[in-house]
Engineer: 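If you scroll down you'll find the structure; I have some questions about it.
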Amino acid sequence: IALSIPIASYLAFTLRRRAFWFRLYLPLAVVGVLLTASRAGLVAMVIASLYPLIFLLMRMRRGRLSLVIAIVATALAVNYLAPNISFHRLATLRDQILRGDMNGRGAVWANGLVLYWENPLFGVGAGGFSGSVGGGNRIAAHNTYLEVLVEHGAVGLTLFLAIVFGLLFRARRFPVEERLLWWTV
């Protein structure tokens, strides 16, 4: 949901027809992310929300007014559509980062790195992270780069990063609004 915010923002402010639906989507997407009470989703949403803020200030003559309207609409949507958001859980983000725990993910990541060093070049195979790290229990990595590293080794991570950096490199040729959009996503 968080990654759809920059895309919907781009469409909301560049399309002439049907832009209303994308503008309506933005506060609802924020509510959706907050309803999940996902701390990683919250971080992704904050980063993804930088794009519409910058875009509004860059692109529109009345960017500041549009920005205020967007913030008010989002605040109203959060207030009326999601009164039961677990802000308590979201507020534990700082504590979890400082402790390095992230609900046990620190131990899973450490075990994943141990498993990587057993199979550094080609990894343990596709889908092997969760069963191998959890000792038979299916445990998600919650870290794409680590999961690719463990399952596909240094070769797989190199290919994965080459694709990501290739896309970033290609996006540099786009007009500034689109470049910023794809770099944010």
Side-chain angles (χ1 to χ4, degrees), residues 1-100 102-103 105 109 140-148 157 160-185:
I1 297 173
L3 293 180
S4 68
I5 291 172
I7 297 168
S9 300
Y10 176 79
L11 294 171
F13 301 120
T14 57
L15 293 179
R16 294 185 191 275
R17 299 181 66 200
R18 298 189 184 109
F20 170 77
W21 296 108
F22 295 107
R23 291 179 183 160
L24 177 65
Y25 174 80
L26 292 171
L28 297 177
V30 170
V31 169
V33 170
L34 293 176
L35 281 173
T36 67
S38 166
R39 293 171 293 227
L42 177 66
V43 171
M45 181 184 70
V46 168
I47 293 169
S49 296
L50 293 176
Y51 176 79
L53 297 176
I54 293 168
F55 189 86
L56 281 171
L57 293 174
M58 263 181 24
R59 184 87 197 254
M60 301 195 142
R61 291 185 189 119
R62 291 174 256 190
R64 288 181 177 85
L65 177 61
S66 298
L67 184 60
V68 169
I69 291 170
I71 290 171
V72 168
T74 302
L76 289 172
V78 168
N79 185 46
Y80 290 111
L81 297 175
N84 297 325
I85 292 174
S86 180
F87 288 109
H88 175 70
R89 176 171 160 67
L90 294 172
T92 64
L93 177 64
R94 181 179 181 273
D95 181 52
Q96 290 289 323
I97 290 173
L98 291 176
R99 287 191 310 169
M102 298 301 292
N103 283 356
R105 290 184 186 142
W109 295 341
H142 292 283
N143 184 324
T144 302
Y145 304 101
L146 179 62
E147 190 162 348
V148 170
L157 183 64
F160 179 75
L161 291 175
I163 292 168
V164 172
F165 287 118
L167 292 171
L168 290 172
F169 183 74
R170 177 74 177 154
R172 72 178 169 70
R173 298 181 184 156
F174 293 169
V176 71
E177 291 94 358
E178 291 176 20
R179 183 179 337 132
L180 183 59
L181 165 69
W182 293 114
W183 284 353
T184 302
V185 172

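Scope of the values below: all heavy atoms of this structure, side chains included, with no hydrogens, waters or symmetry mates.
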Engineer: Compute the centroid of each ring, for F22 and then for F13, and state whether the two points are separated by less than 6.0 Å.
Structural biologist: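 Ring centres of F13 and F22 not closer than 6.0 Å.
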
Engineer: Could you report the tightest heavy-atom contact between I54 and L180, atom names first, then the distance?
Structural biologist: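 For I54 versus L180, the nearest heavy atoms are CG2-CD2, 3.6 Å.
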
Engineer: Please walk me through it: do F160 and I163 pass side-chain contact (heavy atoms from CB on, under 4.5 Å)?
Structural biologist: CA-CA 5 Å; F160 179 75; I163 292 168; 5.7 Å; no

Engineer: Would you say V148 and Y145 make side-chain contact, with heavy atoms under 4.5 Å?
Structural biologist: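 They are not in side-chain contact.
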
Engineer: Should we say atom CH2 of W21 is surrounded by more than 12 heavy atoms from elsewhere, each under 6.0 Å from it?
Structural biologist: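 No, not enclosed.
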
Engineer: In terms of relative ring orientation, are Y51 and Y10 parallel, tilted or perpendicular, with 30° and 60° separating the classes?
Structural biologist: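 Taking Y10 first and then Y51, their aromatic rings sit tilted (interplane angle of 30° to 60°).
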
Engineer: Give, for atom CD1 of I5 and atom CD1 of I47, the distance between the pair rounded to the nearest 0.5 Å.
Structural biologist: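 So the gap between those two atoms works out to 11.5 Å.
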
Engineer: Heavy atoms only: give me the nearest A2-P6 pair and the separation to one decimal.
Structural biologist: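 Between these two residues, the closest heavy atoms are O-CD, 3.5 Å.
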
Engineer: Among V30, V33, L34, exactly one meets side chain to side chain contact (heavy atoms under 4.5 Å, CB included) together with I1. Which residue is that?
Structural biologist: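 By the side chain to side chain contact (heavy atoms under 4.5 Å, CB included) criterion, I1 pairs with just one of V30, V33, L34: V33.
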
Engineer: Could you walk me through whether T184 and L50 pass side-chain contact (heavy atoms from CB on, under 4.5 Å), step by step?
Structural biologist: CA-CA 8 Å; T184 302; L50 293 176; 5.8 Å; no

Engineer: So, using ring-ring contact (aromatic ring centres under 6.0 Å, His included) as the criterion, who are the partners of Y25 when residues are at least two apart?
Structural biologist: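 Y25 satisfies ring-ring contact (aromatic ring centres under 6.0 Å, His included) with no other residue.
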
Engineer: Please name all residues satisfying side chain to side chain contact (heavy atoms under 4.5 Å, CB included) with F165, sequence neighbours left out, ordered by chain then number.
Structural biologist: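 With sequence neighbours excluded, F165 shows a side chain to side chain contact (heavy atoms under 4.5 Å, CB included) to L161, L168, given in chain and number order.
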
Engineer: With a cut-off of under 6.0 Å to the ring centre and 45° to the axis, is R172 in cation-pi contact with F169?
Structural biologist: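 Judged by the rule (NZ or CZ under 6.0 Å from the ring centre, within 45° of its axis), R172 counts as positioned above F169.
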
